[in-house]
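Data block below; observations after.
No experiment lies behind these values; they were computed from the predicted model shown. Order of the sequence lines fixes the chain letters, A, B, ..., with proteins taken first and strands second; residue numbering starts at 1 for each chain.
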There are 2 protein chains.
Amino acid sequence: MTGGRGARIYDVLRETRPLVLNSARVVEAALRDDGISVGMRAVLEVLATAGPLTVPGIAHRLDLARQGIQRHVDDLAARGLVTAQTNPAHRRSVLVRLTEAGTALFDRVHDDELARLDTIAADCGDDEIAAALKVLRALNRDVRR
Amino acid sequence: MTGGRGARIYDVLRETRPLVLNSARVVEAALRDDGISVGMRAVLEVLATAGPLTVPGIAHRLDLARQGIQRHVDDLAARGLVTAQTNPAHRRSVLVRLTEAGTALFDRVHDDELARLDTIAADCGDDEIAAALKVLRALNRDVRR
DNA sequence: CTCGATATGACATCATTGTTGTCATGACGG
DNA sequence: CCGTCATGACAACAATGATGTCATATCGAG
């Protein structure tokens, strides 16, 4: 055996950092023309996926501090990509939601990304991709213990 | 079907960012007492794994610019964890190698990390972890096209 | 209902780190 | 030998995650 279970999980984790860096480079290049950053794009994605959320709610979904998300939301609002909406559950903490322009921008960006990903990792089967997703979710769940 | 192949690969990629962030937080907390950063630790790992390398060589392995690596190497040298070694293949570009202190530090840190990882993602089988590794490597190989 | 604890927005600061640029010099191939 | 490239050294910048503070709104306990 080449190593214990921990060593094999370590190998998995070691692949993640360059993957995040490289995909961020690709995504950033695609976003440059639109004048938004990867951080701002991450906020757009959460809003597109989970619907209107408060700033702390977005931060929780992304495992980030609310202060940093506040910056991104402010920047996005200044560009007219998100807007505030009254929150029925909390009068002070408004819900942030995508504007039409924000929805259109994210949809376009996202479609482009999906098209690119269709042709990638051609040597991996659907079962292997599903296993990778399961393992990564398990790691995300446990690593913050 | 819930989405095409690209959508499933996208789901995999989406897990990687928080995973990198959270594991970096854990690693950083463990390194704080030793006074080194995650970037410096990454350099130590490359040197421990691949043996003495030049600064551009380390940068290539980590997919980073040589300038940033130079900083980490300088910091590590100032702490006595790495040292220069004459390069038989290139008189000017010296090889960086771990000192005894550097080797001891990385071994200790790495052993601690492996011990933690042994108990993680208990619901994932060895075959699933192997599949995850294969998929991540394929993504790393193709994403920078 | 009152009060204390907590959440939130706003604002500010800092550290890490990836990126980019420059320059002099050595290394290497044509 | 000369032009091109690689390398080290140095510098500056941008994005972003982390941290702290403060006033105020919100909420739950008593």
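When the local axes at the two ends of the helix from C:dC1-D:dG30 to C:dG30-D:dC1 are compared, using 5 base pairs at each end, they differ in direction by 40° after rounding to 10°.
Between the CD atom of A:Gln70 and the P atom of C:dA7 there is a distance of 16 Å, given to the nearest Å. If you take CD of A:Glu28 and P of C:dT19, they are 8 Å apart, rounded to a whole angstrom.
By the salt bridge (charged side-chain N to carboxylate O under 4.0 Å, His left out) test, A:Asp126 is found to be paired with B:Arg5, B:Arg8, residues two or more places apart in sequence or in another chain being considered. With sequence neighbours left out, A:Glu45 forms a salt bridge (charged side-chain N to carboxylate O under 4.0 Å, His left out) with A:Arg41, B:Arg14. Contacts of B:Gln85 classified as side-chain hydrogen bond (donor to acceptor under 3.5 Å, both in side chains), with partners at least two apart in sequence or in another chain: B:Arg97. Taking the side chain to side chain contact (heavy atoms under 4.5 Å, CB included) definition, one finds that A:Thr103 meets it with A:Leu98, A:Asp107, sequence neighbours left out. Listed by chain and number, the residues in a side-chain hydrogen bond (donor to acceptor under 3.5 Å, both in side chains) with B:Asp123 are A:Arg141 (sequence neighbours excluded). The side-chain hydrogen bond (donor to acceptor under 3.5 Å, both in side chains) search around A:Asp34 returns A:Arg108, not counting sequence neighbours.
Considering all non-hydrogen atoms of both residues, A:Leu53 and A:Ile58 come closest at CB-CG1, 3.8 Å.
At least one side-chain heavy atom of A:Leu114 sits under 4.5 Å from a side-chain heavy atom of A:His110.
Contact annotation for A:Arg17: backbone-only contact, meaning every heavy-atom pair under 4.0 Å involves sugar-phosphate atoms and none involves a base.
Applying the salt bridge (Lys or Arg N to Asp or Glu O under 4.0 Å) test to residues at least two apart or on different chains, the pairs with a partner in residues 58-84 of chain B are B:Asp63-B:Arg144. Here salt bridge (Lys or Arg N to Asp or Glu O under 4.0 Å) pairs that include residues 127-138 of chain B, with residues two or more places apart or in two chains, are A:Glu15-B:Arg137, A:Glu128-B:Lys134, A:Lys134-B:Glu128.
Read 5' to 3', the first and last nucleotides of DNA chain D with an atom closer than 4.0 Å to a heavy atom of chain A are D:dT16 to D:dC27.
Between B:His72 and A:Val94, the residue anchored closer to the 5' end of DNA chain C is A:Val94, taking for each the nucleotide with the nearest heavy atom.
A heavy atom lying under 4.0 Å from DNA chain D marks the following residues of residues 39-69 of chain B, by number: B:Val55, B:Pro56, B:Arg66, B:Gln67.
A:Val20 belongs to a hydrophobic cluster whose remaining members, ordered by chain and number, are B:Val20; membership requires side-chain heavy atoms of ILVMFWY residues under 4.5 Å apart, directly or through intermediates.
Side chain A:Arg25 to base C:dG18: no donor-acceptor pair is found below 3.5 Å.
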